[in-house]
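What follows is a set of notes on a single structure, which appears directly below.
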Amino acid sequence: MDGFAGFEVAGAGYINARLDRALAVQNVVHAEGRPPSAQDHVLVEHTSINPNKAAHIGHLRNAILGDTFVRLLRAAGFQVDVQNYIDNTGVQVADVVVGFLHLLKLSPDEVRTLVPATDRLFRGGGQKGIDYYCWDLYARTSQWYEQGGEEEKAARKQIRLDTLHQIEQGNNETAAVAELISTAVLRRHLETMQRLDIEYDFLPRESEILHLKFWEAAFEQLKRTGVLYFETEGKNKGCWVMSRAGSSTDSVQNASGPEDDDGPKGPEAADEDAKVIVRSNGTVTYVGKDIAYHLWKFGLLGRDFGYKPFFQYPDHTCWISAEHGEADHPHFGGATAIYNVIDARQSDPQANVIQALRGMGYTDQADHYTHFSYEMVALTPRCAEELGYRVSDEDREKPYIEVSGRKGLGVKADDLIDKLIAATRAEVDARQTGSDEAERQKIAAQIAIGALRYFMLKYTRNSVIAFDFKDALSFEGETGPYIQYAVVRTRNIFRKGGTTPEAALAEFASQHANLNAFFTGEENEDIWALWLRAGRFSLVLEQCIAASEPAFLAKHAFQLAQEFANFYHRHHILTEEDPRRKTFLLATAAVALRELVRSLDLLGIESPEAM
RNA sequence: GCGCCCGUAGCUCAGCUGGAUAGAGCGAAUGCCUCCGGAGCAUUAGGUCGGGAGUUCGAAUCUCUCCGGGCGCACCA
């Protein structure tokens with residue numbers, strides 16, 4: 001059989017097939033990164049931080065997972081749009097607005113001068129800005145609601161509710177203040193993520209979903225298809241409701257309404273478990289708005305956002321939704337497949353949206369709707385204490401403590417990045433004595449980002465990360481810097497050897513001698529293993545996408561680096577005397593380098609020239 | 001009460017569609033720079049894969065059940 005050197009019966013029901021190593025090696029040498037051209041238009045939504053406070057480590061996991069997955073999809077040939085959904089009209093934004101207007105008792109005009117001034121002031125010291133200011137204010141406001149007598153508390157809750165309604169409604173002073181704050185915080189989020197090489201194409205906002213009447217269009221479709229029905233009995237009387245995913249009266253079988261389901265409840269019994277979409281007061285719930293938004297994503301709504309440019313990256317523009325957009329704009333939405341990077345706690349509402357699409361007859365879209373879920377980043381009790389948080393005896397016994405913006409408990413993204421850069425900079429200073437200031441800082445940042453991204457990617461999605469500075473600040477063992485170090489050492493070989501990886505590979509491939517000889521024998525088994533793994537890239541990429549699991553690639557890159565490090569120590573390349581064997585060893589290093597750089601690139605980790 | 005996730009070495013985790021002797025990293029112990037960078041390499045110690053039953057020639061992996069831990073189950077967003 002082609003490609004195989006032989007077969008043998010091995011017992012226990014096994015047949016060992018032996019690869020023709022020379023042939024396999026030729027395949028690896030010539031494996032160019034030719035992406036298959038998948039025509040699908042894929043939409044990935046990630047980050048989606050409430051624009052009322054600084055980003056924290058939980059948001060970092062979301063953004064890094066999402067961004068990496070985008071890179072994987074693009075490498076596989078998909079056309080991908082990256083969206084960051086902005087809930088600028090929700091309670092969280094309302095809470096900081098309450099903080100400014102009612103706790104700090106500022107007038108809208110005062111807020112208008114204070115926000116930009118504070119942003120500049122805070123940022124003067126480093127990467128901090130209005131998002132940091134709001135972090136504290138949000139926590140204070142949350143406490144403020146709980147303080148005072150019963151009457152006072154009720155009054156404050158009423159202020160909160162009124163503020164929320166005014167923001168949702170728009171066209172008033174409170175809404176203008178909310179817009180000002182949320183936009184300023186949003187800018188900070190984009191800047192924070194840019195430090196990690198994370199960019200977006202489009203920022204759809206809740207305010208436009210409301211004002212452009214997305215819900216109204218969706219409501220018609222939902223009523224027409226019978227997914228929503230008007231409840232006349234029970235606790236949900238007066239609401240438009242839908243059956244929940246997995247319930248016995250679910251709307252796929254029962255599309256015309258809550259009919260007789262032969263159950264003991266009888267034909268008139270209300271489905272108490274149904275999900276309310278339109279409240280009895282006529283307002284729409286979160287899931288309702290989300291259904292409308294997802295109809296838009298698939299191009300099924302019959303309406304579109306207006307678009308304005310918002311944020312400029314070196315090589316492209318990020319657009320934001322607007323009520324009255326510009327005439328010339330790129331087209332977003334209308335995807336054939338979507339991925340929503342949202343943490344596992346939201347799987348119920350996500351399932352509801354999918355359920356609604358399916359009920360409306362959009363089975364194909366429902367099948368291509370992926371809730372890319374992941375578990376939260378929590379803090380170890382020790383870490384919470386380090387942050388100055390008072391940990392109760394009960395909490396101290398727990399494996400981890402949940403991050404809480406409301407309580408102001410968490411590690412801010414920029415703080416962590418700063419800490420990482422400071423730590424890598426100290427290492428760089430100790431090693432790169434010849435480099436200048438700018439060069440050192442650049443290297444330190446590359447390593448810091450490599451460490452952070454790898455840290456967030458090495459865990460599989462459904463493992464809770466119990467965050468601890470000790471682990472996150474580690475640069476040894478299974479870390480990003482370990483892999484980057486392998487790259488640096490490989491590059492040094494070629495630099496000192498006066499050749500290039502491309503030349504070494506070409507020379508090796510052109511030797512028509514029996515390549516098999518290089519890959520046989522005890523001392524060459526590790527080299528063969530390295531080549532074998534190097535040839536697995538496209539398979540790993542495929543698995544990552546099929547399972548929506550970037551951690552597979554992180555693992556692959558690490559194992560490759562590990563095998564290279566082993567090879568590096570066992571075989572001294574530049575002093576090899578046999579020229580043909582030297583070429584072979586150089587080609588091995590070239591393949592390792594090519595695959596390491598390629599893998600790191602998809603993980604969003606740079607390959608430094610020195611470190 | 002219902003649903004989802006987790007339980008593998010002292011600690012943190014891999015183990016993907018069931019396959020041969022269960023793997024990494026950290027931590028511990030011991031070695032390794034006249035030689036391409038020690039953010040490295042090698043060796044050693046450390047496991048009844050939470051318990052039990054079932055399916056199978058074969059189970060960490062599939063099914064059931066029990067025990068621990070976490071997260072969801074609003075006319076909040």
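Chain identifiers are assigned alphabetically (A, B, ...) following the order of the sequence lines, protein sequences preceding nucleic acid strands; residue numbering begins at 1 within each chain.
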Taking [atom1] from [X] and [atom2] from [N], how many angstroms apart are they, rounded to a whole number?
X: A/Q350; N: B/rA77; atom1: CD; atom2: C1'; result: 14 Å
X: A/K289; N: B/rC76; atom1: NZ; atom2: C1'; result: 10 Å
X: A/K157; N: B/rC76; atom1: NZ; atom2: C1'; result: 12 Å
X: A/I277; N: B/rC76; atom1: CD1; atom2: C1'; result: 14 Å
X: A/L164; N: B/rA77; atom1: CG; atom2: C1'; result: 8 Å
X: A/D343; N: B/rA77; atom1: CG; atom2: C1'; result: 14 Å
X: A/R533; N: B/rA24; atom1: CZ; atom2: P; result: 11 Å
X: A/Y286; N: B/rG72; atom1: OH; atom2: C1'; result: 14 Å

Revision key, fill the gap. By nearest-nucleotide position on RNA chain B, the 5'-leaning member of A/E206 and A/E402 is A/E402
At 4.0 Å (heavy atoms only), tell me whether [X] reaches a base, stays on the sugar-phosphate, or touches nothing.
X: A/F494; value: nothing
X: A/K237; value: base
X: A/Q562; value: sugar-phosphate
X: A/N566; value: sugar-phosphate

Taking only the [atom1] atom of each, what is the distance from [N] to [M] in whole angstrom?
N: B/rU12; M: B/rC6; atom1: C1'; answer: 14 Å
N: B/rA59; M: B/rG69; atom1: C1'; answer: 24 Å
N: B/rC16; M: B/rA22; atom1: P; answer: 15 Å
N: B/rU8; M: B/rC13; atom1: P; answer: 9 Å
N: B/rG38; M: B/rG70; atom1: P; answer: 46 Å
N: B/rC26; M: B/rU65; atom1: C1'; answer: 36 Å
N: B/rG18; M: B/rC57; atom1: C1'; answer: 12 Å
N: B/rC41; M: B/rG25; atom1: P; answer: 8 Å

Check your understanding: Which residue pairs pass the side chain to side chain donor-acceptor pair (under 3.5 Å) test when at least one of the two sits in residues 548-557 of chain A, sequence neighbours left out?
Key -> A/E478-A/K555
Review point. Got more than 12 heavy atoms from elsewhere within 6.0 Å of NZ, A/K237?
Key: no
Point to revise | Flag if over 12 foreign heavy atoms under 6.0 Å of CZ, A/R536 | key: no
**Study point:** Centroid-centroid distance, A/Y293 to A/F214, less than 6.0 Å
**Key:** no
Practice item. Starting at the 5' end of nucleotides 33-40 of chain B, put B wherever the base has a protein heavy atom under 4.0 Å, S where only the sugar-phosphate does, and a dash everywhere else. Key: --BBBSBB
Review point. What is the per-nucleotide protein-contact pattern of nucleotides 2-13 of chain B, from the 5' end, where B denotes a base atom under 4.0 Å from a protein heavy atom, S denotes such proximity for sugar-phosphate atoms only, and - denotes neither?
Key: ---SS-----SS
List the atom pairs, donor and acceptor, that lie under 3.5 Å between side-chain atoms in residues 493-503 of chain A and the rest of the protein, sequence neighbours left out.
{"unit_1": "A/R495", "atom_1": "NH1", "unit_2": "A/N492", "atom_2": "OD1", "d": "2.5"}
{"unit_1": "A/R495", "atom_1": "NH2", "unit_2": "A/E609", "atom_2": "OE1", "d": "3.0"}
{"unit_1": "A/T500", "atom_1": "OG1", "unit_2": "A/A503", "atom_2": "N", "d": "3.1"}

With a cut-off of under 6.0 Å to the ring centre and 45° to the axis, is [X] in cation-pi contact with [Y]?
X: A/K419; Y: A/F469; value: yes
X: A/R205; Y: A/Y85; value: no
X: A/R406; Y: A/Y138; value: no
X: A/K223; Y: A/F219; value: yes

Check your understanding: In dot-bracket, 5' to 3', how would RNA chain B read with Watson-Crick or G-U wobble pairs under 3.5 Å, [ ] for crossing ones and | for pairs to another strand?
Key -> (((((((..((((.....[...)))).(((((.......))))).....(((((..]....))))))))))))....
Exercise for review: Would you mind calling B/rC33 syn or anti? Take O4'-C1'-N9-C4 for purines or O4'-C1'-N1-C2 for pyrimidines, and syn is within 90° of 0.
Suggested key: syn
Practice item. Decide whether A/T68 and A/R453 meet the rule of one side-chain donor and one side-chain acceptor closer than 3.5 Å. Key: yes
Check your understanding: Are A/N340 and A/Q350 close enough that a side-chain donor and a side-chain acceptor fall under 3.5 Å?
Key -> yes
Review point. How would you list, by chain and number, every residue that makes a side chain to side chain donor-acceptor pair (under 3.5 Å) with A/D526, sequence neighbours excluded?
Key: A/H571
Point to revise | Interatomic spacing from CD in A/Q484 to CD1 in A/I449 - rounded to 0.5 Å | key: 10.0 Å
